[in-house]
Amino acid sequence: MTAITGSTGAPHARIMGLGAYRPSRLVPNSEVVDAIDSSDEWIQQRSGIRTRRWAGPEESVQMMSVEASRIAIERSGLDVGQIDCVVVATVSHLLQTPAVATAIAHELGTDGAAAFDISAACSGFCHGIALASDIVRAGSARHVLVVGVERLTDILDLTDRGTAFIFADGAGAAVVGPSDTPGIGPVVWGSDGEQFDLIRQREDWRDVVGTDTTPGSGVMPHLTMQGNPVFRWASFAMAKIGQQALDTAGVSLDELDVFVPHQANMRIIDAMARSMKLPDTVRIARDVADQGNTSAASVPLALDRMIAEGEAKSGDTALLIAFGAGLSYAAQVVTVP
Amino acid sequence: MASTEEIRADLAEIVNEVAGVDADDVQLDKSFVDDLDVDSLSMVEVVVAAEEKFGVTIPDDEVKNLKTVGDAVAYIERAQG
């Protein structure tokens, strides 16, 4: 038998830099209430959301990703040619093939980096960070760009009271590279496919394309969500997953500086924090109030904002946890870049 | 076996913690939504806390039938029985 040479990676991995792109159009609750027969007060009470950002025609999945990535690469102190793998987490790049990661890698000017998309909905970014950490440590790539990006407005039903006021658009990116000490803790992740229907694309593409060949004449398969069971799962089951991620990383609640949960809904964030008994010293990301729920983009957007506003400092210990359709989830402790 | 009043009092404490409602207002004839201003998300939190406190299971499908404090207490009594 011929011996195959194995790969050798870095001893550890860390997040080297973060970047964000927030669409330019800020949409207040007053713009969404009429179509769902609701009120600003009701939306704020149910979700804590005051405004969200919705992408304009020029702000495509690719465009937002490239903007966020350029910032992340620059802050990492790297040249784009050093990025040798690009992982893009999204569920709203509606051109299914090829992966948008290849176009992003090309537009950024990478030297033919490996590039692929992953589909894990709202938990996609934390899945991506876990993959990137393993890729760097295994030696399959040295610097991995992880992008979480959504243009959920394309699949949003503006008359759906359960979703129209929640979802939004944006992109966040992180560069993961080698490190002498662990900067990304072990991932705690999983799925519960029994609850497949709780958050989902309503129709299969094949059911809505129809026979009419006129572009745009079909019915867009919209996103649906059953709010209360999702709230229950996210607020309580996910609090336990967050604690597990701390335990596996050997980090106590007292040592935690920053908590960055998926920005699904302020009520979920508050319930998780209560359920986890987070000490008052832990700063909690609350980007959802202004940004809405941007699915795969929410964790990097929220952490980026905390860094920008001085709530998170380089070297701080942060718990990232993301959860959503699948149901699927992923959590890990990281060192803030 | 806890009495109806004991269950009501424990439930009142939970409603107070979750939604900030005065525990004395949480009486059997009170509607969670109309009288106590406990919305459906807070109701989920109340239910999860009640499950832990009383060692019962209250499925999502059942929660919408628990309109009054009395409904919830009666459900817990049955589930414990």
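Quick caveat, the model's predicted, so the values are computed rather than measured. Letters A, B, ... are given to chains in the order of the sequence lines, protein chains preceding strands, and every chain is numbered from 1.
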_Residue part contacting chain B, namely of R46(A), when any heavy atom lies under 4.5 Å_ = both
*Describe, in one word, how the ring planes of W233(A) and F323(A) are oriented to each other, choosing from parallel (under 30°), tilted (30 to 60°) and perpendicular (over 60°).*
perpendicular
*Distance only, no hydrogens: is a donor on one side chain within 3.5 Å (strictly under) of an acceptor on the other, for N65(B) and E62(B)?*
yes
_Between D154(A) and S92(A), is there a side-chain donor-acceptor contact under 3.5 Å, judged purely by atom types and distance?_
no
_Contacts of D290(A) that satisfy salt bridge (charged side-chain N to carboxylate O under 4.0 Å, His left out) - sequence neighbours left out_ = R50(A), R305(A)
_Evaluation steps, salt bridge (charged side-chain N to carboxylate O under 4.0 Å, His left out), between R25(A) and E31(A)_ = CA-CA 12 Å; R25(A) 192 161 94 82; E31(A) 269 192 54; 3.0 Å; yes
_Minimum heavy-atom distance between G170(A) and A297(A), given as atom pair plus value_ = O-CB, 3.4 Å
*Residue by residue, scan residues 31-57 of chain B and write down, ordered by number, those that have a heavy-atom distance under 4.5 Å to chain A; if none do, write 'none'.*
D39(B), S40(B), L41(B), S42(B), V44(B), E45(B), V47(B), V48(B), E51(B)
